[in-house]
Amino acid sequence: VQLQASGGGLVHSGGSLRLTCAASGRTFTYYIMGWFRQAPRKEREFVSALNWNGVRTKYADAVKGRFTISTDNAKNTVYLQMNSLKPEDTAVYYCGVDVDNPLRAVLPDTLAEYDYWGQGTQVTVSS
């Protein structure tokens, strides 16, 4: 499985960006996709996740009400719509996929539970 993250850029505080994570190679019927981010000198942290049909979603407290995760299964793509961006959202954003346990009751929010990762896309929010 290959994941390609894109859509990052430089925006002013209060602006919006939409990140895209496109999956290719081996595909799976059931999976969980997640977004994480890593700011300079900080550990990678959970941002959001959803299951394969988009029915279940999960958000970190820091982004609730501002970010929306969605999926387009026909395109094997997951999106992260980011609104009301703040300087503290500045980070490299990574998408990951869990294919080993996609039917779990609780969407995972730790790095170890994701099996494949994309290369990351830089988001910079200026004040």
Side-chain angles (χ1 to χ4, degrees):
V1 177
Q2 290 81 46
L3 301 176
Q4 179 73 38
S6 62
L10 172 64
V11 295
H12 292 296
S13 182
S16 299
L17 284 172
R18 188 177 78 158
L19 304 185
T20 299
C21 179
S24 61
R26 183 180 176 186
T27 58
F28 297 83
T29 301
Y30 304 109
Y31 57 87
I32 295 170
M33 292 290 289
W35 285 98
F36 286 70
R37 65 187 182 186
Q38 187 165 17
R41 298 175 296 283
K42 291 188 177 181
E43 294 187 352
R44 196 174 299 189
E45 64 177 8
F46 172 77
V47 175
S48 183
L50 88 170
N51 69 332
W52 66 91
N53 59 12
V55 171
R56 293 191 293 143
T57 60
K58 185 175 183 177
Y59 297 92
D61 289 342
V63 306
K64 280 182 182 176
R66 300 188 298 122
F67 291 11
T68 303
I69 191 169
S70 62
T71 184
D72 184 340
N73 282 329
K75 296 181 180 180
N76 294 318
T77 300
V78 173
Y79 305 98
L80 185 68
Q81 178 66 43
M82 306 187 297
N83 299 329
S84 302
L85 283 163
K86 304 175 181 180
E88 50 264 45
D89 295 317
T90 295
V92 178
Y93 283 69
Y94 299 89
C95 57
V97 63
D98 168 22
V99 297
D100 281 349
N101 193 9
L103 302 182
R104 64 179 82 204
V106 177
L107 297 179
D109 57 11
T110 59
L111 294 171
E113 293 173 290
Y114 288 83
D115 306 302
Y116 301 94
W117 292 93
Q119 83 293 355
T121 184
Q122 176 70 47
V123 172
T124 303
V125 185
S126 62
S127 57

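Quick note: numbers below take in every heavy atom, side chains included, and nothing from hydrogens, waters or symmetry partners.
- Judged by distance alone, with hydrogens and angles left aside, the side-chain atoms of Tyr114 form no donor-acceptor pair with the main-chain N or O of Ile32 at under 3.5 Å.
- A salt bridge (Lys or Arg N to Asp or Glu O under 4.0 Å) check over residues 52-67, counting only residues at least two apart or in different chains, returns the pairs Lys58-Asp109, Asp61-Lys64, Arg66-Asp89.
- Across all non-hydrogen atoms, the minimal contact from Thr57 to Leu50 is CG2-CB, 3.9 Å.
- No donor-acceptor pair under 3.5 Å is formed between the side chain of Asn73 and the backbone N or O of Lys75.
- For the 3.5 Å distance criterion, the side chains of Glu88 and Thr90 fail to qualify, holding no donor opposite an acceptor.
- A distance of 10.0 Å separates CH2 in Trp35 from OG in Ser48, rounded to the nearest 0.5 Å.
- Residues passing the side-chain contact (heavy atoms from CB on, under 4.5 Å) test with Arg26, sequence neighbours excluded: Val1, Phe28.
- Using a 4.5 Å cut-off on side-chain heavy atoms (C-beta onward), Gln122 and Thr124 make contact.
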Are Ser6 and Gln4 close enough, and set up right, to give a side-chain hydrogen bond (donor to acceptor under 3.5 Å, both in side chains), and what steps lead you there? CA-CA 7 Å; Ser6 62; Gln4 179 73 38; over 6 Å; no
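- At least one test fails for Arg37 against the ring of Tyr94: distance under 6.0 Å to the centre or angle within 45° of the axis.
- Scanning all heavy atoms of the two residues, the minimum distance from Met33 to Cys21 falls at CE-SG, 3.4 Å.
- Contact record, Ser127 with Ser13: CA-CB, 4.3 Å, taken as the closest heavy-atom pair.
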Steps toward side-chain contact (heavy atoms from CB on, under 4.5 Å) verdict (Leu85, Phe67): CA-CA 9 Å; Leu85 283 163; Phe67 291 11; 3.9 Å; yes
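- Within the 3.5 Å criterion, the main-chain N or O of Val99 finds a donor-acceptor partner in the side chain of Asp115.
- Under the 4.5 Å side-chain heavy-atom criterion for Ile, Leu, Val, Met, Phe, Trp and Tyr, Trp117 and Val92 are members of the same hydrophobic cluster.
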Apply side-chain contact (heavy atoms from CB on, under 4.5 Å) to residues Asn101 and Tyr31 and explain how you reach the verdict. CA-CA 8 Å; Asn101 193 9; Tyr31 57 87; over 6 Å; no
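- Inter-residue side-chain proximity for Val97 and Trp52 is flagged as unmet; no heavy-atom pair is nearer than 4.5 Å.
- When atom types are taken as modelled, the side chain of Gln81 and the backbone of Ile69 share no donor-acceptor pair closer than 3.5 angstrom.
- Using a distance-only test at 3.5 Å, with no hydrogens or angles considered, a donor-acceptor pair links the side chain of Thr121 to the main chain of Gly8.
- No hydrogens or angles considered: a donor-acceptor pair under 3.5 Å links the side chains of Ser16 and Asn83.
- Minimum interatomic distance between Tyr93 and Val47 (heavy atoms only, all atoms of both residues): CE2-CG2, 4.2 Å.
- Grouping the Ile, Leu, Val, Met, Phe, Trp and Tyr side chains by contacts below 4.5 angstrom, directly or via other members, places Leu19 apart from Leu107.
- Side chains of Arg18 and Tyr79: a donor-acceptor N/O pair is absent below 3.5 angstrom, by distance only.
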Between Arg44 and Leu111, does the side-chain contact (heavy atoms from CB on, under 4.5 Å) criterion hold? Intermediate values first, please. CA-CA 8 Å; Arg44 196 174 299 189; Leu111 294 171; 3.4 Å; yes
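- From Leu3, atom CG reaches atom OG1 of Thr20 across 12.5 Å, with rounding to the nearest 0.5 Å.
- For Pro108 against Ala49, the heavy-atom pair with the smallest separation is O-CB, 4.2 Å.
- Summarising the geometry, atom CD belonging to Glu113 is positioned 7.5 Å from atom CG belonging to Asp98; distances are rounded to the nearest 0.5 Å.
- Using a 30° and 60° split on the angle between ring planes, Phe46 and Phe36 fall in the perpendicular class, above 60°.
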Determine, stepwise, if the pair Thr68 / Leu80 fulfils side-chain contact (heavy atoms from CB on, under 4.5 Å). CA-CA 6 Å; Thr68 303; Leu80 185 68; over 6 Å; no
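- Closest heavy-atom contact between Asn53 and Asn51: OD1-ND2, 2.9 Å.
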